[in-house]
Student: 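Structure provided below as structure tokens; questions to follow.
Chain identifiers are assigned alphabetically (A, B, ...) following the order of the sequence lines, protein sequences preceding nucleic acid strands; residue numbering begins at 1 within each chain. From a predicted model like this one, the values you see are computed outputs, not experimental measurements.
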2 protein chains.
Amino acid sequence: MTYAIAQAAERSGLSIDTLRYYERIGLVEPPARDSGGRRSYTDEDLAWLEFLTKLRTTGMPIRMMREYAQLRMRGLGTRARRQQILVDHRTDVLNRIAELQTCVAALNYKIGMYDEQLQEEATA
Amino acid sequence: MTYAIAQAAERSGLSIDTLRYYERIGLVEPPARDSGGRRSYTDEDLAWLEFLTKLRTTGMPIRMMREYAQLRMRGLGTRARRQQILVDHRTDVLNRIAELQTCVAALNYKIGMYDEQLQEEATA
DNA sequence: ACTTGACCTGGAGTGCACTCCAGGTTCTAG
DNA sequence: CTAGAACCTGGAGTGCACTCCAGGTCAAGT
């Protein structure tokens, strides 16, 4: 199964422009082209885009995604390095989650304060 | 207790430039000035900066922080609206945490795959 | 043959959140 | 009195991650 760029965009949740942009900057290998010179994405391409999207969602900067992508293109000998990148990134993400949870606690506190104040207002 | 801008920067974790920037765009009320015309931050100012930082950390865009800040400056009548902003934002943050956790699961999976592959490599 | 729509390229433009700079003023120590 | 550090202002510059545009090509339907 192959996909035109519009279909790839829809399935990946990225825009057409972003797909071409990712290709330009070396985040994805140039996909195959059809007889008319148009990009033709495979399921593998889409799987990679999906994973890239997860890295992006978790805040990995593009230059690090590119480093990972370049290692992947260079093949088997880079697996240990690639794994290390993911392990380090996972640590970052877990820290980020903890940070967000601290902030949620602060929001809860503040929201509680408003509850009290609005309560007083109502009973006054 | 009052603080010169450098001290406020250190305590808030924001840069001096960012403090002035936040003032310019209406995120913080212009602090008092000392006899020489320099900014003089109070503990209350710092508490507000700390809360702003939590909003920023959780990804609230500046224009929404500004909306909240402007409501706060307008006083008591805006409390219900301010609370609503925080409640909505908390929902966003909780969704974001869930999203990050999904991504961590994907990272765990991928890291596990590398473990297996590197294992095979070692035993081959 | 012709229109329409999806696609192509290289390059310019955008929005966000800062960050830096030049040129000037003011307090602080020696 | 003077050197230096810390501060001031208005405005320009930066980095990131896209996003848009002009001008052109290609394939399919009428």
Side-chain angles (χ1 to χ4, degrees), chain A residues 2-42 45-46 48-70 89 92 96 99 103, chain B residues 2-42 45-46 48-49 51-70 89 92 96 103:
Chain A
T2 64
Y3 309 88
I5 196 166
Q7 275 137 26
E10 195 181 355
R11 283 174 183 254
S12 66
L14 299 166
S15 75
I16 289 174
D17 275 316
T18 299
L19 288 176
R20 288 196 282 241
Y21 167 65
Y22 279 6
E23 184 182 332
R24 248 198 331 248
I25 64 174
L27 273 189
V28 305
E29 291 197 79
R33 298 290 178 124
D34 69 13
S35 59
R38 281 135 184 206
R39 289 173 183 78
S40 176
Y41 292 85
T42 66
D45 292 333
L46 291 187
W48 173 237
L49 286 171
E50 191 183 340
F51 186 64
L52 272 187
T53 298
K54 284 199 168 29
L55 295 181
R56 182 187 65 166
T57 296
T58 49
M60 184 184 280
I62 277 189
R63 67 177 174 286
M64 205 183 308
M65 286 196 257
R66 185 160 55 199
E67 188 185 337
Y68 184 85
Q70 300 296 325
H89 182 58
D92 291 346
R96 176 115 189 92
E99 189 178 46
C103 291
Chain B
T2 65
Y3 309 87
I5 196 165
Q7 274 136 28
E10 196 181 355
R11 282 176 183 253
S12 67
L14 299 166
S15 75
I16 289 175
D17 275 316
T18 299
L19 288 176
R20 288 196 282 242
Y21 167 66
Y22 278 6
E23 186 182 331
R24 248 197 330 248
I25 64 174
L27 273 190
V28 305
E29 291 197 79
R33 297 292 179 124
D34 69 12
S35 58
R38 283 144 182 193
R39 290 173 182 78
S40 176
Y41 292 84
T42 65
D45 292 333
L46 291 187
W48 172 239
L49 286 171
F51 185 64
L52 273 187
T53 298
K54 283 197 169 30
L55 294 182
R56 182 187 65 166
T57 297
T58 49
M60 183 184 281
I62 277 191
R63 65 177 177 286
M64 203 183 309
M65 287 197 256
R66 185 160 56 198
E67 187 186 337
Y68 183 86
Q70 300 296 326
H89 182 58
D92 291 347
R96 176 116 189 91
C103 291

Student: Nearest-Å distance, CG (B:Leu19) to P (D:dA6)?
Tutor: 16 Å

Student: Can you label the angle between the B:Tyr68 ring and the B:Trp48 ring as parallel, tilted or perpendicular, going by 30° and 60°?
Tutor: parallel

Student: If you check every side-chain atom of A:Ala4, which of C:dC7, C:dC8, D:dT9 has the closest atom?
Tutor: C:dC7

Student: What's the closest nucleotide to the side chain of A:Ile5 if the choices are D:dC7, C:dT9, C:dC7?
Tutor: C:dC7

Student: Along nucleotides 14-27 of chain C, 5' to 3', which nucleotides get a B, which get an S, and which get a -, given that the test is a protein heavy-atom distance under 4.0 Å?
Tutor: --SBBBB-----BS

Student: Check side-chain contact (heavy atoms from CB on, under 4.5 Å) between B:Arg24 and all other residues, then give those that pass, not counting sequence neighbours.
Tutor: B:Tyr21

Student: Compare every heavy atom of A:Gly26 with every heavy atom of A:Ala69, then report the nearest pair and how far apart it is.
Tutor: CB-O, 3.8 Å

Student: Once side-chain contact (heavy atoms from CB on, under 4.5 Å) is applied, do any residues pair with B:Thr18, and if so which ones, sequence neighbours excluded?
Tutor: B:Leu14, B:Ser15, B:Tyr22

Student: Would you mind listing every side-chain hydrogen bond (donor to acceptor under 3.5 Å, both in side chains) that reaches into residues 50-60 of chain A, with sequence neighbours excluded?
Tutor: A:Thr58-A:His89

Student: Find out whether A:Arg96 and A:Glu99 are in side-chain contact, i.e. whether some heavy atom of one side chain is under 4.5 Å from a heavy atom of the other.
Tutor: yes

Student: For residues 28-37 of chain B, which residue pairs qualify under side-chain hydrogen bond (donor to acceptor under 3.5 Å, both in side chains), counting only residues two or more places apart or in two chains?
Tutor: none

Student: Going by an N to O cut-off under 4.0 Å, is there a salt bridge joining A:Glu23 and A:Arg20?
Tutor: no

Student: Work out how much the helix from C:dA1-D:dT30 to C:dG30-D:dC1 bends between its end axes, five pairs an end, to the nearest 10 degrees.
Tutor: 10°

